[in-house]
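Treat the numbers as computed from the prediction; the structure is a model and nothing was measured.
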Amino acid sequence: MSDEVLIENEGGVRIITLNRPDRLNALTGSIMAPLADVVADAARDGSVGCVVVTGAGRGFCAGGDLKEGGADKAIVPANPETGSRAEQGYARLRGFMETSRLLHEMGKPTIAMVNGPVAGAGIGIAGACDLRFAARSATFLTAFDKIGAGGDFGSTWFWTKIVGTGVARELFLLGEKLTGEEAFAKGLYTRLFDDEVLRAETLKAAHRLANGPRMGFRYMKQNLNNAEDWSFEAQFDAEALNMGLSTQASALIWREANKPKD
């Protein structure tokens, strides 16, 4: 495991920390590959009931590391096996972006603990999470306009869904940095806390979720994700099915947990 991605377990809560504090946890291949693996493991691990993603030091994630990103040694000259440089770059980035897909789709609640500045690909990771708990020092910047880029890590999809197309276009096209208070007012952050209590408040909520009805949350999250794109009638059908599946599963789990001890 890379020392640039740290893992902590607190009961049923898995805390994943980006650990490049000297670079505001900016992303390179050396951190993006293990991050995708760690998130995939959290999604599979039945002992995990809630996932928290955060950054070490004074920032959440500054996006891609432009200083190192232009020298990706994994991309080699065009050849019949791996294709052109563009194809190789696409394949690598798409693989790294599984982090965002898994945070959004895994059957357990996910929280971005935004402990400072977030920008670029970092807003994709934060947007992929179900909840965003932020410190007052947590600024928000899309930053893609600064490098002439279209956006990655699901950022354009997530933020259009979260705040609507009008606000999303304002965020991406104008590229203005928002303070924590401004981001909270626009609905970018779910909760805003003083810096010194952010971790405690985030973990309080995470433990509540991890210790809650896990089958219920699994189907609830599936319903919420379906609602992003499904038709009204299809959503009703899915809710009716998932209501029965979730309540039966929860009842069986409760009965098993409350069996009389021999």
Side-chain angles (χ1 to χ4, degrees), residues 2 4-8 13-21 23-43 48 50-66 69 92-106 108-135 138-144 147 149-163 168 171-172 177-178 180 183 187-191 198-199 202 206 221 225 228:
S2 169
E4 293 186 339
V5 181
L6 306 179
I7 299 172
E8 298 171 75
V13 178
R14 174 74 50 85
I15 305 165
I16 299 170
T17 303
L18 306 177
N19 188 38
R20 295 188 73 218
R23 299 289 296 165
L24 284 178
N25 303 308
L27 303 177
T28 64
S30 65
I31 190 172
M32 287 186 284
L35 176 61
D37 291 341
V38 163
V39 173
D41 181 69
V48 177
C50 181
V51 175
V52 175
V53 182
T54 192
R58 63 183 185 86
F60 180 79
C61 175
D65 193 326
L66 301 181
R92 277 175 60 74
L93 179 57
R94 182 61 187 84
F96 296 151
M97 287 169 58
E98 283 294 283
T99 291
S100 292
R101 183 187 68 79
L102 289 165
L103 288 170
H104 180 64
E105 292 186 352
M106 72 170 68
K108 52 196 74 177
T110 56
I111 304 175
M113 183 164 68
V114 187
N115 54 308
V118 59
I123 71 166
I125 294 171
C129 294
D130 300 308
L131 302 168
R132 283 155 296 283
F133 288 3
T139 58
F140 184 101
L141 177 67
T142 57
F144 295 111
I147 59 171
D152 61 3
F153 275 74
S155 56
T156 56
W157 192 90
F158 292 124
W159 290 105
T160 296
K161 298 292 185 181
I162 293 167
V163 296
L171 295 171
F172 282 89
K177 182 185 284 189
L178 303 179
L188 308 183
Y189 295 144
T190 312
R191 302 273 173 85
L198 173 65
R199 182 180 174 92
T202 301
K221 184 165 175 177
N225 285 347
E228 301 281 4

**Report entry** Ile123 side chain reached by Phe172 side chain, heavy atoms, under 4.5 Å
**Finding:** yes

**Report entry** Spacing of His104 atom NE2 and Glu228 atom CD [to the nearest 0.5 Å]
**Finding:** 5.5 Å

Query raised in the report: Hey, are the side chains of Val13 and Val52 touching, using non-hydrogen atoms and a 4.5 Å cut-off?
Result: yes

Query raised in the report: Quick one: CZ on Arg14 to CG on Asp41, what's the gap to the nearest 0.5 Å?
Result: 5.5 Å

Query raised in the report: Which heavy-atom pair separates Thr17 from Ala56 by the least distance, and what is that distance?
Result: CG2-N, 3.5 Å

Query raised in the report: When rounded to the nearest 0.5 angstrom, what is the spacing between CD1 in Ile31 and CG in Asn25?
Result: 6.0 Å

**Report entry** Asp130: salt bridge (charged side-chain N to carboxylate O under 4.0 Å, His left out) partners, not counting sequence neighbours
**Finding:** Lys221

Report summary line: Taken to the nearest 0.5 Å, the spacing of Arg101 CZ from Phe153 CZ works out to 13.0 Å

Query raised in the report: Any idea how Trp159 and Phe140 line up, ring-wise: parallel (<30°), tilted (30 to 60°), or perpendicular (>60°)?
Result: perpendicular

Query raised in the report: Run the side chain to side chain contact (heavy atoms under 4.5 Å, CB included) check on Leu35 and Ile16 step by step: do they pass?
Result: CA-CA 8 Å; Leu35 176 61; Ile16 299 170; 3.9 Å; yes

Report summary line: Rounding to 0.5 Å, atoms OG1 (Thr156) and CG (Leu171) come to a distance of 12.0 Å

Report summary line: For Tyr189, the ring-ring contact (aromatic ring centres under 6.0 Å, His included) test, sequence neighbours excluded, returns none

Query raised in the report: So, the side chain of Ser2 versus the backbone of Glu4: is there a donor-acceptor pair under 3.5 Å, distance only?
Result: yes

**Report entry** Nearest non-hydrogen partners of Ala128 and Ser100, listed with the distance
**Finding:** CB-O, 3.3 Å

Report task. State, with a plain yes or no, whether a side-chain heavy atom of Thr142 is found less than 4.5 Å away from one of Ser155. Result -> no

Query raised in the report: Ignoring hydrogens and geometry, is there a side-chain-to-backbone donor-acceptor pair from Asn115 to Gly59 under 3.5 Å?
Result: yes

Requested in this report: Taking Lys108 for its side chain and Ala42 for its backbone only, find out whether a donor-acceptor pair lies under 3.5 Å.
Outcome: yes

Report task. Grab the two heavy atoms, one from Gly127 and one from Ile162, that are nearest each other, plus how far apart they are. Result -> O-CD1, 3.7 Å

Report summary line: Residues Cys50 and Ile111: closest non-hydrogen pair is SG-CD1, 4.0 Å

Query raised in the report: Closest approach of Ala36 and Thr99, non-hydrogen atoms and distance?
Result: CA-OG1, 3.2 Å

Report summary line: For Gly122 and Phe60 the tightest heavy-atom approach is O-CE2, 3.7 Å

Query raised in the report: Do Pro117 and Leu141 touch side chain to side chain, with heavy atoms closer than 4.5 Å?
Result: no

Query raised in the report: Does some side-chain heavy atom of Val48 sit less than 4.5 Å from a side-chain heavy atom of Met106?
Result: no

Query - Residue pair Val53 / Thr110, side-chain heavy-atom distance below 4.5 Å - result: no

Report task. Using a 4.5 Å cut-off on heavy atoms from C-beta on, say whether the side chain of Met97 contacts that of Asp152. Result -> yes

Query raised in the report: Would you say the side-chain atoms of Arg20 pair up with the backbone N or O of Ala26, donor to acceptor, closer than 3.5 Å?
Result: yes

Query raised in the report: Has the side chain of Arg132 got a donor or acceptor atom that lies under 3.5 Å from a matching backbone atom of Leu188?
Result: yes

Query raised in the report: From Ile125 CD1 over to Thr54 OG1, what is the distance, rounded to the nearest 0.5 angstrom?
Result: 11.5 Å

Query raised in the report: Are Val5 and Asp37 close enough that some pair of their side-chain heavy atoms sits under 4.5 Å apart?
Result: no

